[in-house]
Amino acid sequence: MMKRLTGILLTALAFGPAHAATDAQLVQPRVLVIDPSLGAAQAQASVLAARRYGSFWDNGEEALARAALAPDFIDRTLPPGRAQGVEGPLAASKFVRAAVPDMRADIEQMIVTGDRVVVHLHFHGHFTGRFKDVQGKGQAVDFIATDIYRIGNGRITDNWHLEDNLAFLQQLGVIGG
């Protein structure tokens, strides 16, 4: 028993605070579907990586993104002007949070199969900051995104994502709607 506890403690220390985050501190998917043919360890690692990344989008804590994303992470739908790799999502989060400081992200659905996780995210908050040349007036922001992650060694190695940027930009008043 003592050997097992020591192993758990050493693992928590080795991975740092983001890895030691308790299950209750991470965003919980409202619906979770796991392919029953997956082994428990693989399923658990995939769910944990996706929940860490979802929690990063929920609260902006960079340590969670760094814990979720592999060092050689590739954004397969990289928007123009965004850096490739881990730094891309970190910069995107800062940019969006400058406009919507109270942004939250819910994981509406998570589907885990093979080395893939599909996540349906729901973002919401209030436009009280700045977006380019537009100053927010407190208007509500509410939009969705769908991501497909490839998981390797318990971390997200690749991401294909689609956000409802039209709704987002219309709600900010940047484009007509």
Side-chain angles (χ1 to χ4, degrees), residues 8 11-12 15-79 82 84-97 100-126 140-168 171:
I8 291 169
T11 301
F15 285 114
H19 289 275
T22 67
D23 191 58
Q25 294 171 317
L26 297 176
V27 174
Q28 182 71 28
R30 289 201 168 100
V31 175
L32 176 60
V33 178
I34 299 176
D35 178 349
S37 71
L38 284 181
Q42 180 183 358
Q44 185 178 32
S46 295
V47 169
L48 180 59
R51 287 183 63 208
R52 284 179 176 152
Y53 198 49
S55 296
F56 157 70
W57 286 108
D58 182 58
N59 62 33
E61 289 184 30
E62 287 188 10
L64 288 166
R66 293 186 187 282
L69 302 174
D72 57 349
F73 167 76
I74 298 172
D75 184 336
R76 299 290 181 174
T77 48
L78 188 70
R82 184 181 297 173
Q84 187 56 269
V86 175
E87 296 306 315
L90 298 179
S93 174
K94 286 180 185 173
F95 181 73
V96 173
R97 284 186 181 283
V100 187
D102 68 341
M103 184 175 75
R104 303 304 306 254
D106 300 316
I107 301 174
E108 297 294 336
Q109 299 181 63
M110 182 184 295
I111 303 167
V112 183
T113 185
D115 67 347
R116 306 297 164 108
V117 176
V118 178
V119 178
H120 176 150
L121 298 162
H122 175 210
F123 293 91
H124 49 94
H126 298 87
V141 173
D142 190 297
F143 66 100
I144 61 170
T146 301
D147 288 24
I148 303 171
Y149 309 139
R150 178 183 292 141
I151 309 292
N153 297 318
R155 295 172 90 179
I156 300 168
T157 61
D158 302 79
N159 184 14
W160 294 262
H161 54 92
L162 180 64
E163 298 82 20
D164 187 354
N165 288 321
L166 177 60
F168 177 66
Q171 292 165 13

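A quick note: this is a predicted structure, and the numbers were derived from the prediction, not measured.
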How far does [atom1] of [X] sit from [atom2] of [Y], to the nearest 0.5 angstrom?
| X | Y | atom1 | atom2 | result |
| --- | --- | --- | --- | --- |
| F168 | D142 | CZ | CG | 11.5 Å |
| L121 | D106 | CG | CG | 9.0 Å |
| R116 | I111 | CZ | CD1 | 14.0 Å |
| E87 | E62 | CD | CD | 7.5 Å |
| L69 | N159 | CG | CG | 8.0 Å |
| E163 | D147 | CD | CG | 6.5 Å |

Work out which heavy atom in [X] is nearest to a heavy atom in [Y]; give both atom names and the distance.
| X | Y | answer |
| --- | --- | --- |
| A68 | R52 | CB-CB, 3.8 Å |
| W57 | R97 | O-NH2, 2.7 Å |
| P71 | R155 | CD-NH1, 3.8 Å |
| Q171 | A140 | CB-O, 3.9 Å |
| D58 | A105 | OD1-N, 2.9 Å |
| A49 | I156 | O-CD1, 4.0 Å |

Begin with the C-alpha distance, continue with both residues' side-chain angles, and end with the deciding distance and a verdict on side-chain contact (heavy atoms from CB on, under 4.5 Å) for V141 and M103. CA-CA 8 Å; V141 173; M103 184 175 75; over 6 Å; no
Find out whether [X] and [Y] are in side-chain contact, i.e. whether some heavy atom of one side chain is under 4.5 Å from a heavy atom of the other.
| X | Y | result |
| --- | --- | --- |
| V118 | T146 | yes |
| V112 | V33 | no |
| R51 | V27 | no |
| P79 | H161 | yes |
| L90 | F56 | yes |
| I74 | D72 | no |

Classify the ring geometry between F73 and Y53 as parallel (under 30°), tilted (30 to 60°) or perpendicular (over 60°).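 If you compare the ring of F73 with that of Y53, the planes turn out tilted.
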Between L26 and L48, is the side-chain contact (heavy atoms from CB on, under 4.5 Å) condition met? List the steps. CA-CA 9 Å; L26 297 176; L48 180 59; 3.6 Å; yes
Test item: side-chain donor near acceptor, D102 and H124, under 3.5 Å: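 There is no such pair (donor and acceptor under 3.5 Å, judged by atom type) between the side chains of D102 and H124.
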Audit row: R150, W160, side-chain contact (heavy atoms from CB on, under 4.5 Å) steps and yes/no: CA-CA 9 Å; R150 178 183 292 141; W160 294 262; 3.6 Å; yes
Are more than 12 heavy atoms, taken from residues, nucleotides or ligands other than E108, located less than 6.0 Å from that residue's CD atom?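 Buried by this count: over 12 neighbours within 6.0 Å.
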Let's go through T77 and L162 carefully: what are the C-alpha distance in whole Å and the side-chain angles of both, what is the deciding distance for side-chain contact (heavy atoms from CB on, under 4.5 Å) to 0.1 Å, and is it a yes or a no? CA-CA 8 Å; T77 48; L162 180 64; over 6 Å; no
Is it true that a side-chain atom of S46 and a backbone atom of Q42 form a donor plus acceptor pair closer than 3.5 Å?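 Looks like yes, one N/O pair under 3.5 Å.
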